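Encoded as structure tokens, the structure appears first; notes follow it.
As the structure is a prediction and not an experimental result, all values here were calculated from the model. The chains referred to below are lettered A, B, ... by the order of the sequence lines, with proteins before strands, and numbering in each begins at 1.
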Amino acid sequence: MPYIPHTEDDVREMLDAIGASDLEALFDEIPDSLRIESLDGVPPALSEMEVGRLMLDRADRDRRRLNFIGAGAYEHHIPAPVWAITTRGEIYSAYTPYQAEASQGTLQAIYEYQTMMASLTGMDVSNASLYDGASGLAEACLMAVRANRRSKSARILVPRTVNPTYRSCTEAIASTQGLSLEPVDYDRRTGRTLVDALAPHAGQDITAVVIQQPNFFGQLEEVDELADWAHAQGALVIAVVNPIALALLRPPGEWGSRGADIACGEGQPLGVPLASGGPYFGFLTARREHVRQMPGRIVGRTVDLDGRSGFTLTLQAREQHIRRGKATSNICTNQGLLMTAATIYMTLLGPTGLERVAAACAARTAELVGKLTTLDGVRPSFEGARFHEAAIRLDRPVQAVLEGLAERGIVGGYDLGRHYPELGQALLVCATETRTSEDIDAYATALTQVLERAAAA
Amino acid sequence: MPYIPHTEDDVREMLDAIGASDLEALFDEIPDSLRIESLDGVPPALSEMEVGRLMLDRADRDRRRLNFIGAGAYEHHIPAPVWAITTRGEIYSAYTPYQAEASQGTLQAIYEYQTMMASLTGMDVSNASLYDGASGLAEACLMAVRANRRSKSARILVPRTVNPTYRSCTEAIASTQGLSLEPVDYDRRTGRTLVDALAPHAGQDITAVVIQQPNFFGQLEEVDELADWAHAQGALVIAVVNPIALALLRPPGEWGSRGADIACGEGQPLGVPLASGGPYFGFLTARREHVRQMPGRIVGRTVDLDGRSGFTLTLQAREQHIRRGKATSNICTNQGLLMTAATIYMTLLGPTGLERVAAACAARTAELVGKLTTLDGVRPSFEGARFHEAAIRLDRPVQAVLEGLAERGIVGGYDLGRHYPELGQALLVCATETRTSEDIDAYATALTQVLERAAAA
Amino acid sequence: MRTREPVIFELSRPGRTAAAQQPAPAEAVIPGHLRRRQPPMLPEVSELQAVRHFTRLSQMNFSIDTHFYPLGSCTMKYNPKACNAYAMLPEFLGRHPLAPDSTGQGFLECMFELQDMLKAVTGMKAVSLTPMAGAQGEFAGVAMIRAYHRARGDLSRDEIIVPEAAHGTNPATATMCGMKVREIPCRDDGDVDIEALRTVVGPQTAGIMLTNPSTLGVFERRIMDIKRIVDNAGGLLYYDGANLNAILGKVRPGDMGFDVIHMNLHKTFSTPHGGGGPGSGAVGVAERLRPFLPVPVVGREEGRYRWLDERDLPQTIGRLSGFMGNAGVLLRAYVYMRVLGWEGMRRVAEYSALNANYLMSRLRAAGFDAAYPDRRASHEFILTLKRQARERGVTAMDFAKRLLDYGYHAPTTYFPLLVPECLLIEPTETEAKEELDGFVAAMAAIKEEAETDAAKVKGAPYTTPVRRLDDVRAAKQLDLTWKSAAA
Amino acid sequence: MRTREPVIFELSRPGRTAAAQQPAPAEAVIPGHLRRRQPPMLPEVSELQAVRHFTRLSQMNFSIDTHFYPLGSCTMKYNPKACNAYAMLPEFLGRHPLAPDSTGQGFLECMFELQDMLKAVTGMKAVSLTPMAGAQGEFAGVAMIRAYHRARGDLSRDEIIVPEAAHGTNPATATMCGMKVREIPCRDDGDVDIEALRTVVGPQTAGIMLTNPSTLGVFERRIMDIKRIVDNAGGLLYYDGANLNAILGKVRPGDMGFDVIHMNLHKTFSTPHGGGGPGSGAVGVAERLRPFLPVPVVGREEGRYRWLDERDLPQTIGRLSGFMGNAGVLLRAYVYMRVLGWEGMRRVAEYSALNANYLMSRLRAAGFDAAYPDRRASHEFILTLKRQARERGVTAMDFAKRLLDYGYHAPTTYFPLLVPECLLIEPTETEAKEELDGFVAAMAAIKEEAETDAAKVKGAPYTTPVRRLDDVRAAKQLDLTWKSAAA
Ligand SMILES: Cc1ncc(COP(=O)(O)O)c(C=O)c1O
Ligand SMILES: Cc1ncc(COP(=O)(O)O)c(C=O)c1O
């Protein structure tokens with residue numbers, strides 16, 4: 001019996017102790033009419049060996065390709081120690097650290113994580129992770145509504161340069177509580193959100209303004225101007241940031257004259273594999289004054305009976321298991337393992353390493369854009385500074401180009417057409433530190449072929 | 001500096017404490033004429049990321065194929081826990097357990113291993129591993145010479161049904177000490193070593209007789225007759241056995257009326273990946289009376305100062321670090337990690353699991369031989385009982401057939417031509433529990449095509 | 001256990017690096033005013049220091065791999081290593097979520113089959129795998145209920161009924177969905193108070209969230225009555241599947257008439273809890289909620305698999321994650337289910353029930369009080385230590401802490417809130433009888449200690465890296481990030 | 001640390017299995033008289049029990065990943081996780097050693113380049129990677145020396161000279177090769193006694209085995225004189241490369257005139273020691289020994305790689321393993337060397353020397369006696385505690401055991417045999433200064449304890465899973481396998 005240790009003798013002795021005749025008897029409180037005898041639709045058991053073979057065969061069909069997509073998930077080198085340690089049984093198979101004394105390892109790791117994320121974002125406090133970046137923005141918006149007591153409108157301005165999936169996810173999660181997310185258009189030349197575009201909202205009751213840096217197009221927003229404008233309206237500033245970029249870019253805590261109020265984002269770039277989309281983790285940090293409005297777990301350092309320092313979950317009164325219907329969020333299980341991976345990642349990279357990764361990403365993307373835009377029919381959609389992504393415009397239908405590239409082993413980018421039809425046949429491309437000049441050449445060569453073939457057709 | 005933690009400040013302080021001006025000064029006892037400045041031939045450093053990419057690219061060239069070779073190394077399913085645990089830092093990065101109190105984990109695992117191997121082979125005592133099966137036979141032969149005090153000849157009979165590499169390895173290692181290994185031919189019909197073939201040596205001073213079960217052709221030897229014959233001559237019996245097969249086959253300790261004296265073999269089938277040939281491990285077990293002649297580490301259970309039981313290396317007076325030139329062997333580092341993997345493997349399989357693996361191997365090979373020998377121009381080289389390998393005879397040159405199969409993604413077997421030219425165009429094939437009926441069909445189909453093509457050519 | 005490990009920043013020295021992890025320096029063109037001025041405070045340590053630090057930290061945890069962990073409601077069963085190994089094949093790890101579906105057919109096939117298997121075990125008609133934990137599954141469920149009523153123009157239904165025993169995520173979720181929470185009591189036998197239910201249902205009822213077996217560790221016997229009452233009032237039934245382990249292959253929420261269920265794959269299907277996640281809260285729905293499923297879900301067309309999105313399910317409640325939920329968790333659950341097969345599913349229920357009922361019997365025999373002594377335990381059960389608390393001043397928390405010294409992780413304490421001084425104990429089916437017997441012996445020994453030397457129990461634990469921690473101080477003198485003594 | 005874990009057989013119950021690991025039953029046709037009658041005594045446990053047992057056992061070990069481990073002569077440096085990760089790629093693990101070379105070009109290319117890199121760092125002309133540990137490398141080396149003399153018809157050379165400080169494997173290997181061992185003394189300054197050498201060389205001399213830096217932790221300064229003397233006598237020079245770490249990129253055995261060297265890749269090139277192996281004892285040779293190299297070695301022909309065997313090297317000493325030595329260890333060493341590059345090689349020597357000399361200086365300042373106080377330490381050095389033993393009765397072993405309580409693995413004790421009460425201390429380059437300082441503080445504290453409370457030190461360790469073990473009893477009342485109490 002896979003994973004079940006009972007011998008026949010065990011079962012007999014145990015049933016005797018219970019005073020039950022057989023295993024079926026243990027279900028005698030379930031109405032007979034509901035009991036089922038078999039489970040059509042679940043195939044018969046396989047041995048680990050058979051499942052292993054199956055999985056290897058399936059994996060074989062999903063073989064490695066040269067990836068140039070970012071759009072919210074980024075391919076970075078993951079140092080070998082990260083997962084070697086994260087998958088240790090004591091980390092992998094532990095529960096949320098409810099019994100602090102038996103979970104000091106996990107709790108200390110979270111405390112270290114909170115310290116790193118607070119510093120990286122330039123904020124005071126951090127929680128212990130949220131599900132992912134997109135749902136994290138929803139939590140941040142809900143938090144802003146609670147935190148901005150002066151605002152009654154629950155209106156949040158969300159520029160169109162914010163990741164469109166983040167926007168729809170926030171809509172799905174937060175709109176049920178009456179939040180209203182209002183789009184702000186971007187400048188067609190620079191792909192940035194201009195203060196001019198916000199201006200029509202001046203003087204209104206706005207709860208918060210979301211600013212993504214670098215924005216979805218990879219362009220750098222003028223965060224100081226935007227943050228100051230928001231604060232001037234009495235709105236809070238919610239920053240959506242890429243943690244790798246923060247090694248180079250001004251942290252939200254230093255945006256404008258007062259700094260952002262809440263920062264959140266996708267933690268995946270910090271040591272989490274792409275893995276078809278998850279598990280990743282969302283991070284969320286804030287100014288100290290908002291700590292009691294934060295969703296999720298928070299770890300604090302305290303002392304034990306002997307006065308020695310130790311770690312424990314704290315401020316639990318915000319949480320659903322204490323506050324129930326009045327909790328700051330319903331989140332319970334979060335993404336602890338990924339947060340642990342990220343903590344190890346940041347430890348291994350350190351400030352210099354992280355900065356080098358960020359710089360390499362920027363440099364590679366510059367090289368990529370430089371190479372691709374020398375090709376006929378390819379040009380950048382926007383001008384101005386960017387980080388590690390860029391929108392480029394093609395003179396051919398994007399889907400066909402992407403398919404042509406895929407046939408050549410290249411995952412060529414993200415089709416912007418669905419969310420930004422106004423940009424025409426546009427593609428969002430990305431090169432991180434993992435892409436070499438040869439990789440970039442290979443992309444350029446393949447793209448040339450695909451475009452030529454399309455032209456010929 | 002990869003893997004070096006020193007900061008510039010550290011270096012300065014440390015040199016000051018030493019009283020040395022710079023790092024170079026630490027090498028001032030080395031004659032100047034010998035000092036070198038650079039190391040042509042070692043390429044410049046790469047980051048982990050770059051080496052990772054390189055290794056992935058190389059691995060890509062060595063992609064998975066359907067394997068039907070055995071010939072001393074066998075593809076078995078390795079339960080996932082085996083390497084998940086074996087690669088834990090506390091096991092992976094520890095040294096040989098010289099400080100017993102700080103190495104109880106490793107020591108207890110060895111004690112458990114010794115118990116399992118002794119029971120599996122039906123012997124009394126086991127060491128803690130040797131390098132591999134082939135070199136293990138050399139050690140076993142040297143041990144037999146020490147153990148058989150009544151024999152002066154150092155002559156060992158080694159049937160030709162013993163793995164030819166084991167024979168040449170034993171020759172290379174043991175002949176320098178004056179051992180003489182004498183071949184014994186096999187029966188062409190059954191591929192077995194017959195007592196008749198040993199008979200000419202009756203009455204001579206023979207130190208030991210080696211018996212491999214199943215033998216290199218996969219055929220089952222009549223071990224009782226052979227062992228009794230050897231003992232009747234005053235020779236010791238050295239058994240070379242496959243540990244998986246022992247789940248089904250009579251253990252060496254029960255061969256003939258007295259049982260073998262020493263058993264050895266390749267431990268790889270017990271949870272160790274094929275991995276292009278290593279690291280594997282050799283096992284060696286023996287009757288109690290020979291324990292002081294054993295090579296390698298041995299762990300014993302004892303008590304500590306408080307009377308609690310614990311484990312420690314014992315009988316070290318046999319070993320090179322104490323006995324130096326008079327040691328039972330020069331072996332020092334052995335194959336501890338692999339032995340640990342095997343211990344976990346045997347624990348997970350248990351007696352029933354191991355027997356099922358063995359039975360599945362035998363059944364799969366029977367199926368394979370059945371399928372292949374229905375093809376034109378393919379027939380079994382031998383009759384009689386076998387375990388999980390079989391020699392088959394082709395009517396085409398073996399190398400060409402193997403190449404044809406490799407092009408079709410099939411690693412078709414081991415060419416017997418080099419060591420057994422008398423068998424003609426013969427191939428040693430193997431199917432373990434990992435080969436499905438579909439795999440076997442795929443082999444048969446590919447072989448049909450290859451043979452047809454060859455016939456056409 | 002290891003007793004102290006410095007905070008990583010205490011090991012940090014300016015200029016120290018794990019150099020093998022650093023790419024070559026490169027020039028990034030970033031306008032000066034957007035550039036970071038001070039590097040972030042990240043640790044500066046060598047690779048060995050990092051490895052040693054986190055390895056040591058790990059040794060300061062209890063976990064399934066090292067300890068019996070009978071944490072009620074959490075289903076801490078063995079997490080098969082195979083699930084991890086096969087989910088972490090390089091091909092699966094390397095694929096970008098937005099890469100064309102053609103590059104991920106192997107993965108998508110697994111997901112498609114997982115959807116089907118989850119349908120089969122729950123008896124539901126359609127499944128979406130995207131919710132990232134139980135609570136998000138709940139959100140998806142209640143949001144679908146909300147969307148369903150709205151789609152029918154029934155805008156007044158804004159109440160969700162929740163039994164008082166429910167997990168905190170239930171009321172919290174209802175609130176997040178903009179609903180009002182109506183709590184109803186449970187009776188002394190652990191079943192929901194049907195009369196109370198009758199009084200709260202009405203045209204404002206959007207639905208009821210039930211956990212069955214409930215968090216009281218018993219099967220809700222009048223489930224079909226509840227179903228009828230809520231149905232008649234026009235409400236929908238939500239099934240909190242956190243306790244699905246108890247009934248797998250024995251009875252199906254779909255057959256009980258539920259409209260929507262979330263499963264905690266990190267409980268029932270044994271994906272690891274990772275010290276706090278990731279989980280997966282896949283949702284299954286009856287036919288009438290199918291159009292509202294959160295996207296994406298996997299579809300099959302002519303033997304090819306592809307993600308269905310808003311264009312395919314225009315009434316969807318939308319997206320709950322940036323991509324596709326916790327894909328890697330789903331792969332682990334898939335492997336687990338394939339190894340178990342349908343026979344194994346049934347055994348999960350049988351042996352988890354066997355272990356729970358056995359442990360309850362033995363503990364009662366050892367002098368402990370079950371909260372629901374006349375009921376069968378499901379896969380878990382509740383002890384109440386109110387007698388010990390009253391007579392000896394030794395609380396459930398004291399027992400819990402003292403258990404750590406005996407080498408057992410504590411059961412869930414003080415949940416559900418309605419049972420005083422309770423321990424919610426869930427042994428799971430993967431524990432051997434000897435482990436349960438050892439736990440009984442430890443509980444008996446602590447009871448004995450409580451009677452002879454209560455202070456000892458109240459001072460526990462003694463053998464863990466730290467002794468009992470001052471939670472009040474933690475919340476009052478907030479110390480949430482490390483600061484250098486110098487600063 | 002965890003203090004006790006039952007022997008796995010104590011957890012065993014008849015009929016219990018880790019069922020997911022069992023293939024379906026099958027019929028094997030085995031003649032009755034060859035069939036096993038009694039199943040072997042293997043544990044019958046569940047998968048979780050197995051995982052928990054071995055995980056717990058692992059927690060009872062000191063290791064590099066958890067502790068500073070300054071075990072002299074063993075080079076216990078950080079084993080990069082990357083080496084393991086890339087060597088364990090499924091493609092590398094899955095390949096059968098006898099599969100056609102065409103199916104392993106990626107692997108073979110790594111091996112070919114590894115051979116080249118090892119040539120470069122040693123200054124030798126050819127390399128064979130097959131020996132499976134240092135001692136087997138030694139065997140290969142001495143066997144080649146023997147073969148060389150024999151090939152020239154020089155059959156009388158049957159003596160190998162070995163300094164008394166040599167590692168035990170040196171004389172043991174010479175004996176295994178059928179040679180006689182001639183030991184020669186070392187002088188008080190740690191160098192070999194050249195006069196003694198002169199008296200033992202002669203026409204019977206096959207060669208000398210030298211370790212340089214020697215196991216006394218110092219560089220043999222008169223190496224060129226030794227070379228000349230042995231050369232003139234017609235002997236060959238064998239270099240025991242166990243201490244190669246100390247001179248990597250600084251001086252090369254080939255340039256010192258050695259004919260053959262074995263390297264311990266599991267020391268210098270940081271492949272893990274695995275609690276007792278596997279290692280790799282790759283050998284490098286000067287031109288005149290090339291024909292005798294053990295097979296197989298990797299050759300390149302027209303851009304393709306293939307194994308060269310007896311047919312290519314007819315004078316080979318033969319095969320030392322069933323296939324190709326410890327291939328996976330070699331892959332790890334390859335990754336390590338590529339990450340370090342040539343600059344990194346030099347740094348290994350520099351920083352291991354820095355750490356050793358610093359630690360020696362600090363310990364001397366703390367009142368300890370260095371065995372060779374006037375010499376530079378190489379990458380390791382020797383303390384002698386004979387003063388402490390004489391004055392306080394506290395031996396090197398007592399210090400070693402007490403260090404465990406302070407959280408440090410003990411240095412090598414009582415080796416080399418010629419230095420009384422010695423500790424051979426090798427910090428390696430991957431340890432940070434703070435770790436060394438902590439070790440000095442621990443040694444100083446123990447010294448203090450030895451002076452005030454010697455019994456405490458002699459009773460150590462106290463915090464390990466067991467206290468000091470009775471080795472005498474272990475050897476007298478042999479208990480080498482578990483037996484059930486019932487039996
Ligand atoms: C009964 C019940 N419902 C819901 C949840 C919430 O699940 P999650 O923690 O995955 O969000 C839990 C988990 O603790 C639970 O026990
Ligand atoms: C100096 C010296 N030579 C040889 C050896 C033998 O190496 P191995 O243990 O790999 O056989 C060692 C290892 O301890 C050593 O220190």
Side-chain angles (χ1 to χ4, degrees), chain B residues 5 10 14 18 23 26 34 39 41-42 44-45 51 55 58-59 61-62 79 89-90 93-94 96 101-102 104-106 115 119-120 131 134 169 172 176 273 276-279 300-302 304-305 310 314 320-321 324-325 327 330 333-337 347-348 351 353 359-360 362-363 411 433, chain D residues 18 21-23 26 28 39-41 50 54 57-58 60-65 82 86 89 91 93 97 99 106 120 132-133 135 168 171-173 175 177-178 181 251 274-279 318-319 322-324 326-327 338 341-342 350 353 357-358 432-433 464-467 474 479 481-482:
Chain B
D10 290 338
M14 293 171 82
I18 298 167
L23 290 173
L26 302 175
L34 291 174
L39 266 183
V42 180
V51 178
M55 295 305 282
R58 298 227 169 134
R61 286 153 58 196
D62 298 358
E90 298 93 323
S93 79
T96 300
E101 298 83 358
Q104 285 295 298
T106 292
T115 306
S119 172
L120 198 57
Y131 300 132
C169 185
T176 48
S276 281
R301 182 155 66 166
T302 181
D304 76 358
L305 278 181
T314 192
Q320 42 70 31
H321 63 290
R324 300 179 69 82
N330 69 342
T333 293
N334 56 28
Q335 307 282 117
L337 198 69
T347 300
L348 286 165
V411 171
E433 87 281 9
Chain D
Q21 304 306 341
Q22 309 209 333
M41 184 181 72
F54 290 103
L57 281 191
S58 79
M60 292 164 75
N61 272 357
F62 280 44
S63 66
I64 308 177
D65 277 9
Y86 298 124
L89 291 171
E91 291 84 353
L93 293 186
M132 291 178 284
T173 298
T175 308
C177 285
V181 178
V251 40
R319 286 185 183 263
F323 301 99
M324 159 40 211
N326 285 336
R338 294 304 306 263
W342 68 266
E350 289 170 359
N357 281 284
Y358 172 73
K433 177 170 174 297
T464 44
V466 289
R467 293 190 55 205
D479 174 356
T481 60
W482 186 86

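Nearest heavy atom pair, residue B/Y131 against residue D/M132, reads CB-CE, 3.3 Å. Summarising the geometry of D/A120 relative to B/V42, their closest heavy-atom pair is CB-CG2, 3.8 Å, with the distance given to 0.1 Å. The two residues D/R467 and B/E101 have their closest heavy-atom pair at O-CG, 3.5 Å. Heavy-atom minimum distance, D/G279 versus B/T333: N-CG2, 3.8 Å. The two residues B/P351 and D/P39 make their nearest non-hydrogen contact at CB-CB, 4.2 Å. The shortest heavy-atom contact between B/A359 and D/A28 is CA-CB, 3.8 Å.
Contact annotation for B/L23: only side-chain heavy atoms (C-beta onward) come within less than 4.5 Å of a heavy atom of chain D.
Side chain of D/N61 to main chain of B/T106: a donor-acceptor pair is present (N/O by atom type, distance under 3.5 Å, no hydrogens or angles).
Distance CG/D/L57 to CD/B/E90: 11.0 Å, rounded to 0.5 Å.
When the candidates B/A363, B/P5, B/A94, B/C169 are compared by the number of heavy-atom contacts under 4.5 Å with chain D, B/A94 comes out ahead. Chain D forms the most heavy-atom pairs under 4.5 Å with one residue out of B/P273, B/A59, B/G300, B/A327, and that residue is B/A59. Ranked by heavy-atom pairs under 4.5 Å with chain B, the list D/G276, D/P23, D/G318, D/A432 is led by D/G276. Between chain D and the residues B/G41, B/A362, B/P44, the most heavy-atom pairs under 4.5 angstrom are made by B/P44. Of the residues considered (B/A172, B/A134, B/S93), B/S93 shows the highest number of contacts with chain D, using heavy-atom pairs under 4.5 Å. Ranked by heavy-atom pairs shorter than 4.5 Å toward chain D, the options B/L120, B/T314, B/T302 are led by B/T302.
Counting heavy atoms from C-beta outward, D/M41 and B/T115 have side chains that approach closer than 4.5 Å. Residues B/R58 and D/L89 have side chains not in contact (no heavy-atom distance under 4.5 Å, counting atoms from C-beta outward).
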